Structure formats: structure tokens, C-alpha cells
Amino acid sequence: MSILVPFLILLLIAFAAAYHRLPLLAWALTSWVALAASAALGTNITATVIAAVLVGLVAIPLLIPAIRLPLITRPLLEFYTKILPPLSDTERTALEAGTVGFEGELFSGKPKWDSLLSQPRPQLNAEEQAFLDGPCEELCRMTNDWDISHVRADLPPEIWDYVKKNKFFGMIIPKEYGGLGFSALANHKVIQKLASVSATLSSTVGVPNSLGPGELLMHYGTQEQKDHYLPRLADGREVPCFGLTGPFAGSDATSIPDYGIVCTQTWNGANVVGIRLNFDKRYITLAPVATIIGLAFRMYDPDGLIGDKKDLGISLALIPRDTPGIEIGRRHFPLNIPFQNGPIHGKDIFVPLSVLIGGEEYAGKGWQMLVEVLSIGRSITLPSTSSGASKMAAVVTGAYARIRKQFGLSIGRFEGVEEALARIAGNAYAISALSQATAAAVARGENPAVPSTIAKYHCTTMGREVAQDAMDIHGGKGIILGPRNYLGRAWQGAPISITVEGANIMTRSLMIFGQGAILCHPWVLKEMKAAGLEDPSLRLKEFDRNLFGHIGFAISNAVRAFWFGLTAARIGKAPGDGYTRRYFRKLNRYSAALALMADTSMLLLGGKLKFKEKLSARLGDVLSQLYIASSMLKRYHDEGAPVSDHPLLAWAFHDAVHKMEVALSGALRNFPVRPVGWLLWMLVFPLGRRAQAPSDRLGHRAAALLMSPSDARDRLADGVFLTPCENNPAGRINSYLAKVVLAEPVERKFLKALKNSDIEALNFPAQLAEGVAEGWITAAEKAQLEELRTMTLDTISVDDFDSAELAAASLRPKAAMRSVA
Ligand SMILES: Cc1cc2nc3c(=O)[nH]c(=O)nc-3n(C[C@H](O)[C@H](O)[C@H](O)COP(=O)(O)OP(=O)(O)OC[C@H]3O[C@@H](n4cnc5c(N)ncnc54)[C@H](O)[C@@H]3O)c2cc1C
């Protein structure tokens, strides 16, 4: 037995050193000291010496650079350069554009939670809050989504005017240029609120504050361009659009065939050097009403008029709408969400070089410019839209499920409905935390490339699920369109968010992990950069430093993943309170598993990993769920760890963990190198897959939370337009909830009297009168039941129309249109 003791000691020390990420020297010294101590205590001397020699055999070559560099690092560098193809310019640009925030910790296998929890709580300043409570609230009040989406297929003139006058289009433009100079958080909150009443409105306001002329001018515009355009964009004198997509270039936007040739032509009476443009764009938001078109095209200078380069590459220009040769104004009709969207065509249009954003200096740098600012808009517009729509759907569906009764019960009491309600509650909680976390990252000055793809994909995907569940729960009430319908358009429009700004399938399969693995990984990008260094000796040294950091990191993650798997992540240091500590521990586990899987996949597949989209998508799911769960925990602690939020946090957290395990197990079962997949399975799931979807009991608590007034429910609804008013049927229904709950005991008493035939009248007013007369209810209770009936009717009623009102707008008699409006 004592022969084995030294080797056991060695194993334990190696395990602990890897778990705690001790340097190699510390591991070797600790091992030798422990072996010496064990020998002194009487372990077998021969075995102890063999163990000590083993440590030396591993440690000495690795610790002495003169041995390590030529014998180990150099061959590994050659192998590495072979398996990893050089980054394409597009990939390099995308990677260099982004910054890395907390998501980098999630890739570390040992996240530093303090760096997340110590970030200041995201907050609006007084001016931003006043804007939300003032103009934004008023705009919501003015908005009649039925009028917009059915009657006019456009925002009414008074809303266009209000939006421009109150500088909704200039939220991101600095004050010195006449804009509102709002933070990204304020931008998020405004879009979130507008989306809770109308997707047409939130898209119209979102686009000028997202990637487009305003953002590009602020970053790259010449002073003259900024001075001219920014004040005009801020107050709506100019309406911008941005045209990148065309029939032959959708997701693969770098392949645009649109081109501009540098040439000389007479322009405004003078012979000037300019660009002759030919382009064919489609799906361009705001194009039909835009006054200024941001245009992406490939620029060529065949005659060398501005330099030696003939193919300058993608360039960006600002073209006034009235430029001769532009065809603009026709509209697409995106799924009954009639924000302005349409094609733009240009044939042999001549424009001076001064239209280039940033001037000649930026000719050919268009892709880099787009990618550098892309994450900012992508972090806000679509995630915030999903958040507003989902929060609204959550609270109004909860209220509806309580008010609407079938089989003598609120429909939300039936387990089938409860299951869907719980999903809505959990998803809305997750979306809200995720969208806010990403906006807060932008507000802190980050350029969150990876979180923006996570937020874009998951907020829109979960948002679509919320819309679908809410529709199912509303039954016919959700289906019959009209002024009383607050769900149908959001449900119809969900695929728009899924498709734009990086269609979701591609975002999940290619971008989240594809960018995350390189950008967030603590070593990979450094290794790639080192391997690309010109100076051979510096290349070897830098590669050596990063490679051995990486190897230590990988060993540590294997050990940590195995240990957490073995202990079900029940032990270990973690922050949080009594409730969330176990959650943080679980995230430590999956962070280690992700890092292990990512390293193994990159090592075995190298550049081919890009084409293994299913593996990349699943690893991206793990990274995404880690980010979503961290955002929820951050938000929960920012809000003072409210106990009443537990059902929402717990449901959403268990859902995230379950999704992580499904993704990990899918990746392992389908791992391209099968024996490696089996080995990884033993490390990641030594006791098998354990995480379960949220339990029915938890689902019951989450669903119940939506159906009764509470501070947790108010927090979930925070930031959406709930003011009960004529244009806001959802706000009205939500406002009834407290009174409906109060009236329920009286209603039960009254229904019992009816059931027992104590009250025999056949219609409601007569039944109430009889109930009072015979003492079954008091006069005050009668009034309460009458109010309940009015509220219930408002909640369950749907619209009907005469045929003329429903005819296509172009066929509709003017009078009918006015009556609907
Ligand atoms: C309503 C609306 C508004 C828009 N507004 C604008 C705008 O203002 N300006 C602008 O320039 N563009 C705009 N777009 C364009 C939008 O960004 C593109 O539609 C989007 O990039 C997808 O292109 P596509 O529709 O041609 O789909 P495709 O590129 O044909 O993609 C079809 C499917 O294939 C998938 N796919 C493609 N490549 C891959 C891959 N490598 N791996 C996995 N899956 C892949 C996609 O995810 C998608 O599911 C808008 C589009 C719509 C519908």
C-alpha cells in the first residue's frame, strides 16, 4: 500500500494545483516538499524517489527555456501555423472591432464574479428619466397601433411631427450638435417603452439611433459633415436610412455587387472628380421617407484619379434623396408592421467625393467602419424591442389569465395554461436582464461584439416564444385583430426581429461562438497574434509564453470541470447570498466545461471548426446561457436581492442551466472525433446529466406571480407603457387586476348562490338585484360586481367591422377610414 502513497500524493497535488491554477514551479516545489515529508513519515523510499523523478521529468524541460523553446515550442508553433489558417480581413476586422467585458470571464473557466457584481447599477440621469416620463409617455399615449398598422400603414402625421420635434431621432447625437446626448441605457429604455405599444413606432425611432448615418457621422464624419448633418438629423429635418442589403447580398453583406467608379464629370457647372454609382438595394428601413441615404458600395478607381489602388473596397457615402437618378419611395410590407421600408435603386448617379463619410481618407474602409459601430446598435434596438414587447405580454397575459374564466375558473389556474404562463414569466425576466446588461455595457463605453450577438439572438428568440405563448393563452382574443388587440401585431412581426441585423440561424451558428471563442478566450487571440509576428525570435518567445499559459489553462479547466461534475458544483468559493450562492457555483462549473470544450474543439478542428456549425452553435448556446444567467444574477443583486423575485429568477436560472446541459450533451454526443467526445463526457458529466427543466412547482409560483399584483410583478413590468387610456387596452386590462382580485370572494359568493338556485333571475342586472333583495350580497358588493362585469367585458371583448372597413386601404371609402381612425 505504501508504494502507492507517493503517487497518490502526487496526483492530489497535481489536481489541487490545476484546480487553483498554480504556476508550474509552485506545483513542482510543492510536490517535492510533500514527497520529502512523506518519506520522512515512512513511505516507500523507492516509490518516493520515482515519483520525485517523474515530477522532475515533467517540470525541468518545461521550466528551462533553453530546452523548452527549441524542443517543444518550435515544433508546436509549426504545427499550430499549419492547422490554423490565417484570419481573413473580414474576420480580423470583426475581431479587432470588439471589446471584451465580463463575457471574457465566462470563457475563463474561473469567472471573477466580483468584477461583475461591483459594476455600478445602471441608472438614468434626471434628464433621461424626465424624457421617459414626459415626451416618451406622451408619445405612447398618442399611439394607436391599429390606426398605424391597419388604417394608414404608416405613423400618422402628428406622430411623425411629435417624434421629430422632441428629437426622438437624435437620442444618440451629442448635445453640442443639437441632439439629446442620451446614454445607451436611456436609448434602451425609450425603445423598450415604445415597443410595448407599437413595433412600427419603436422600429421607426430605433433605426436612426442605431447603425446608420448618425452613428457613422459621429465616429468618422468630417467636421463639415458633422456640422451640417448632425443638427438636421437630431431634429428630424433629415430622415436617414442606411442601404447595405441587396438581392444578391443578404447575410453575406461583404459580397455587395453595388459599385462606384471614380471619374470626372461636370457637376454644378464645374468639372469635378466624383463617383458614378450603380446600385440595387432592398429591405431598407425608412428608405421610402428618407431624405438622406447612407450607402454602402464597392469603390473602384480604374484611372488612378485619387491614388494607386484600383479596387478600394467597400466605401460609405451619404447621398441626398433628390440626387438625379435615384429611384426611391416604393414600399415593402413587412408582416403587417408597416414601418417605412423599401427598395432603392440608382443608375449612373454622379456624386462628388465629398459625399464619402469621413471624406476621401475613409474610401475603402467602409466594412471596418460598419463593424466598429455595429455592436452598439445591435446591443440596443432589437433586444430593447423584444424586452418591451415581452414585458408587456407577460403582465397583460397574467392579468388576462386571471380575469378570463372558463369552466368556472380563471384560465390561468389550469395547469396547461400555467405552464405557458410560467414560460412567459421566465423568458420575460431573462430578456429584460439580458437587454439591460448589454445596454449597460455600451453605456460603460464598451463595444460589446459578443454580448450584442447573444442579446440579438436570444432576446428575439425568447421574445418570439413569449409572443406565441401569449397568443395561445389569449385564444380568440389574440387572433381577432382590431383596436382592442394588443398582441397580434407583435406576434406577426416577431420574424422581422429574427431576420434583421444578422439573421438568427447564422448568428447562432457562426457568430456567437465563432467570435466569442477567439475574442473572449484568454489565450487564443494572443497566440494567433504571436504566431503572426514577423520577427522569428520574438514570434517564438511570444508564442511560447501564450502557449504554456494556454496549456495550463486547459489542464485546469479539465480538472475543474471534472471536480464540479463530481460534486454537482455543491462546494467551492462563490459570491452571492444564501439563495444565489449555489447558482454562482453552477455557473463556475459550466464555465469550466465550456472552456474545456472550446479548447478541445479548436485544437482538434482548427480552422474547420468554422464549418462545424452545429458544434459551434451548441457551444455558443452554452456561452449565451452563461451570459444570460450572469445578467440575471447581476440584476437581482443590483435590485437588493428581493425575495419576491425568487420564482422568476429560479425559473429562468434553471431553464438556462438546463439549456446549457442540453447544448453540452448535444455537442459531446455529436463530437466529430468520437473517442474524444467520450473522454470529454466523462470529464464534464462524470455522474451523468443532472440538470432538469424548471419543475412544475416552480412553474406554478412563476405563473401565479403574473396573476396577482406584487412588487416583483411591478419590477418585471417596469419600463413599459401601462397607463390605462383609450389607445392602450393592455394597460387598461393590467390596471383591473387589483380590483378583480379584491372582487373575487364576492364573485364566488354570488356564483355559489346562482349555482344553488338561491338566485333565480336569468340576466345579470336582475340577478344582482335579487341577490341584494334576498341578502346574498350587500349593495356595496353589488356595485363591486357591476364594476367587475364592466372590467371583464372590456378585457374579453374583441372588435368587429363592416366589410368596407376591412377592405384594402386603397379600396376603402374615405368615410369608413375616418370612422376607424
Ligand atoms: C424588415 C427588414 C428591414 C431591414 N432593414 C435593413 C436596412 O435598413 N438596411 C439594410 O442594409 N438591410 C436591412 N435589412 C436586411 C437584413 O439585414 C437582411 O435581410 C439580413 O441580413 C438577411 O438577409 P436575407 O434576407 O437576404 O437572407 P439570407 O442571407 O438569404 O439568409 C437566409 C437564411 O440563411 C441563413 N444563413 C445565411 N448564411 C448562413 C451561414 N453562413 N450559416 C448559417 N445560416 C446562414 C440565415 O440565417 C437565414 O436564416 C432588412 C431586412 C428586413 C426583412
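As the structure is a computational prediction, the values presented were derived from the model and not from experiment. Computed from heavy atoms alone, side chains included, the values below leave out hydrogens, waters and symmetry copies. All ligand and atom numbering here is 1-based and tracks the order in the structure.
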Taking NZ, NE, NH1 and NH2 as the nitrogens, is one of them in K281 or D258 under 4.0 Å from a carboxylate oxygen of the other? yes
Just to verify, what does F333 make a side-chain contact (heavy atoms from CB on, under 4.5 Å) with, not counting sequence neighbours? N336, P338
Under 4.0 Å from atom 41 (N) of ligand 1, is there at least one protein heavy atom? yes
For atom 45 (C) of ligand 1, the closest protein heavy atom turns out to be M506 CB, 3.7 Å
Examine distances only and state if a side-chain atom of D621 and a backbone atom of A663 form a donor-acceptor pair shorter than 3.5 Å. no
Hey, what's the ring geometry for F107 with H521, parallel, tilted or perpendicular (30° and 60° as the breaks)? tilted
For ligand 1, which atoms, with element, lie under 4.0 Å from some heavy atom of I284? 7 (C), 8 (O), 9 (N), 10 (C), 11 (O)
By ring-ring contact (aromatic ring centres under 6.0 Å, His included) - contacts of F182 (at least two apart): F131
Sub-3.5 Å N/O-N/O distance, V500 and ligand 1: no
Note: ligand 1 atoms sitting under 4.0 Å from heavy atoms of L510 are 41 (N)
Checking the N or O distance criterion of under 3.5 Å, is ligand 1 in contact with E613? yes
Judged by atom type as modelled, is there a donor-acceptor pair below 3.5 Å linking the side chain of S631 to the main-chain atoms of Y627? yes
I498 and side-chain contact (heavy atoms from CB on, under 4.5 Å): which single residue from T460, I505, T507 fits? T460
A student checking ligand 1 against F242 at a 4.0 Å heavy-atom cut-off should list atoms 7 (C), 8 (O), 9 (N), 10 (C), 11 (O)
Element-labelled atoms of ligand 1 that are located less than 4.0 Å from some non-hydrogen atom of L244: 10 (C), 11 (O)
Name the one of I314, I275, I319 that satisfies side-chain contact (heavy atoms from CB on, under 4.5 Å) with F297? I275
For ligand 1, which is the ligand I care about here, please tell me if T499 has any N or O atom under 3.5 Å from one of the ligand's N or O atoms. no
To which of S251, C241, G250 does the heavy atom nearest atom 28 (P) of ligand 1 belong? S251
So if I count the atoms of ligand 1 from 1 in the order they appear, which ones are less than 4.0 Å from some heavy atom of E501? 17 (O)
Side chain, backbone, both or neither: which applies to I505 and ligand 1 if a contact is any heavy-atom pair less than 4.0 Å apart? both
For atom 4 (C) of ligand 1, which candidate among F333, Y283, F339 holds the nearest heavy atom? Y283
Test item: T291 side-chain N/O and V239 main-chain N/O as donor-acceptor pair under 3.5 Å: yes
Which of the numbered atoms in ligand 1 are under 4.0 angstrom from any heavy atom belonging to N341? 1 (C), 2 (C), 3 (C), 4 (C), 5 (N)
Polar side-chain atom of K167 near backbone of G178 as donor-acceptor pair, under 3.5 Å: yes
Looking at ligand 1, does any of its N/O atoms fall within less than 3.5 Å of an N/O of T245? yes
Short N or O distance, S509 and ligand 1, threshold 3.5 Å exclusive: no
Ignoring hydrogens and geometry, is there a side-chain-to-backbone donor-acceptor pair from S390 to S387 under 3.5 Å? no
Less than 4.0 Å between a side-chain N and a carboxylate O, is that true for R237 and D235? yes
Using protein heavy atoms only, decide if any is under 4.0 Å from atom 35 (C) of ligand 1. no
State, without any angle test, whether D599 and S601 hold a side-chain donor-acceptor pair at a distance under 3.5 Å. no
Quick one: look up the protein heavy atom nearest atom 8 (O) of ligand 1 and list residue, atom name and how far away it is. T285 N, 3.0 Å
Under-4.0 Å heavy-atom contact between protein and atom 30 (O) of ligand 1: no
Please could you name the atoms of ligand 1 that I496 approaches to less than 4.0 Å, counting only its heavy atoms? 1 (C)
Identify which of S210, S616, P240, A503 has a heavy atom lying nearest to atom 46 (C) of ligand 1. A503
